[in-house]
Structures are given as structure tokens and as C-alpha cells.
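Count residues from 1 along the sequence.
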Amino acid sequence: MAKQDTPPRWDRKMQQRLARGEAAALGELYDRFASLVHGLAHRVLGDEQAADRITREVFAHVWQHPDTYDPKQGPLRSCLATLTHRLAVQRLRQTETAALAQGDATETTDTANTTGTTETTGTTGSTGSLEELERRVRRASVAARADYIVTSMPAPLRAALELAYFQRRDYRQTAADLGVTEAEARRRLRLGLQLLSTAHDTGTPGAPPEYGGAV
């Protein structure tokens, strides 16, 4: 898993090293963030090989265009998440649109073979398919944003959520496991859920991919 909360100074120095063309800097960047990038890409695309390709594209882009990241705009982690999301959504739209086009062409051919004429039918179906594609993109974006929020939130909140929702602990058990009071456990769970709920929002500051909703 990618290390959390890299200091702004580390981000700035990394950008400077990349700008100088230091290959070792690219290796360090990959070691730190490859898990994050691959995870977000896989969440959008649902395919291991496609996620691998996006991961390579993200780090190649940063290597070739180190000015992509501006330390004044926020953490390097957020920049990589945004870039990953944009490339993954582009790939999803490309592959799904190509599949829709192939399906429409097959339907037209089947109609021509059956009737002996080529008819322009299925316009409503094509529109519906495009709408379904956009719904898929939106769902994938929300899921990727939720993943990013969980991995980016402070460790105490993340630990409380993992105990409560992945290990099915109630707040009393969560408090005991974390060695905190029940009131503190409830506070952490409440704050964690509030952060997680922003995955469905648009325009939420500090919540990449796409900084809160643009897809």
C-alpha cells in the first residue's frame, strides 16, 4: 500500500528531481504510489491488465511531463489520483463505446440478412446504451473516489471504519480493539462516515479523483 501523508517538502523535491530527469526519482515515486494508482485504475476498469496499462501510462506521463504536478495545487498523491482517474475513464469510454458500435453494426447486419434491406433501427436502444455507459462511468467514479477517501483519511478514522465495516465490530468492540473510549470510537466512526459520504458529491474540495466529481 502507498505510504500515507507524504510531507509537502518531499513532494516538492520529487517534482524537482523528476524535472532534472533522475531515473531514481521515478523508481521512488513508483514504489510509493503504484499501489494507489493501480487500485484506482482497477476500480474504474474492473480489469487487471487494463489497470496495469493505466499504471504504466500514469508514471510514463509524469516522467515525460514532470510539470504536470504543481506543488502549489496540492499533494502529489492527489495529482496522481486525478491523472489516473482521467486516463481510466477515457479508457473505459473508449472500450465500451467500441463495443456498443460493434453491437449496433452486428444488429444492422442481422436485420439486413433477415429482411434483405438495411434499416436504420435501434436509435432508442443506442441512446439507452450510451446512457447506461454514462451510469457505469459514474458508478465507477464514485467507487474510485470512495477508495481514495478511505486510503487518504487519517489513520485513526480509517482503522475505526475497517473494524466496524469489514470486521463487523460494533462501536464497543471497536473501542476495545483500538484502546479508546466508546465516545471516541463513535466520534471516529461518525467522522469517517461523513468523509466517505462525500464520494457521491460533486465539487467536494480535496476529494480526488477529479477533485470531487468531474468525469
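- The structure places CD of Q15 at 9.5 Å from OG1 of T68, a figure rounded to the nearest 0.5 Å.
- Pairing each heavy atom of T55 with each of A34, the nearest pair is CG2-O, 4.5 Å.
- For the pair A160 and L189, the tightest heavy-atom approach, listed with the atom from each and the gap, is O-CD2, 3.4 Å.
- W63 and I54 fall within the same hydrophobic cluster, defined by Ile, Leu, Val, Met, Phe, Trp and Tyr side-chain heavy atoms under 4.5 Å apart, directly or through other members.
- Interatomic distance, CZ of R139 versus CZ of R43, reported as 12.5 Å (0.5 Å rounding).
- Note on residues 170-182: pairs passing side-chain hydrogen bond (donor to acceptor under 3.5 Å, both in side chains), not counting sequence neighbours, are R169-D177.
- No donor-acceptor pair under 3.5 Å is formed between the side chain of S78 and the backbone N or O of G74.
- Between the D11 side chain and the L76 main chain, a donor and an acceptor come within less than 3.5 Å of each other.
- Here the closest non-hydrogen pair linking F33 and F59 is C-CZ, 3.9 Å.
- Between D52 and H38, the side chains place a donor N or O and an acceptor N or O closer than 3.5 Å (distance only, hydrogens not considered).
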How far apart are the C-alpha atoms of R135 and R138, what are their side-chain angles, what is the distance that settles it, and do they pass the side chain to side chain contact (heavy atoms under 4.5 Å, CB included) test? CA-CA 5 Å; R135 285 193 292 269; R138 179 64 60 179; 5.6 Å; no

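- Follow the hydrophobic side-chain contacts under 4.5 Å out from L161 and you never reach V142; the two are in separate clusters.
- Rounding to the nearest 0.5 Å places NE2 of H85 at 14.5 Å from CG of L80.
- Note on V180 and M153: separate hydrophobic clusters, where clusters join Ile, Leu, Val, Met, Phe, Trp and Tyr whose side-chain heavy atoms are under 4.5 Å apart, directly or indirectly.
- Under a hydrophobic-cluster definition in which Ile, Leu, Val, Met, Phe, Trp and Tyr are linked whenever side-chain heavy atoms come within less than 4.5 Å, directly or via other members, L195 and L163 are assigned to different clusters.
- Shortest non-hydrogen contact noted between A41 and A88 is CA-CB, 4.3 Å.
- A salt bridge links R188 with E184: the closest approach of a Lys/Arg side-chain nitrogen to an acidic carboxylate oxygen falls below 4.0 angstrom.
- Note that R77 lies in the cation-pi zone of Y148, set by a 6.0 Å cut-off to the ring centre and a 45° limit from the axis.
- When every heavy atom of C79 is checked against every heavy atom of Y69, the shortest pair comes out as CB-CD1, 3.7 Å.
- Between the CD atom of Q16 and the CE atom of M14 there is a distance of 11.0 Å, given to the nearest 0.5 Å.
- Between L157 and G192, the shortest heavy-atom contact is CD1-N, 4.3 Å.
- The number of heavy-atom neighbours closer than 6.0 Å to CZ of R168, taken from other residues, nucleotides and ligands shown, is 12 or below.
- Rounding to the nearest 0.5 Å places OG1 of T82 at 9.5 Å from CG of L40.
- Other residues, nucleotides and ligands contribute only 12 or fewer heavy atoms inside 6.0 Å of the CD atom of Q49.
- Between the NE2 atom in H61 and the OG1 atom in T84 there is a gap of 10.5 Å [rounded to 0.5 Å].
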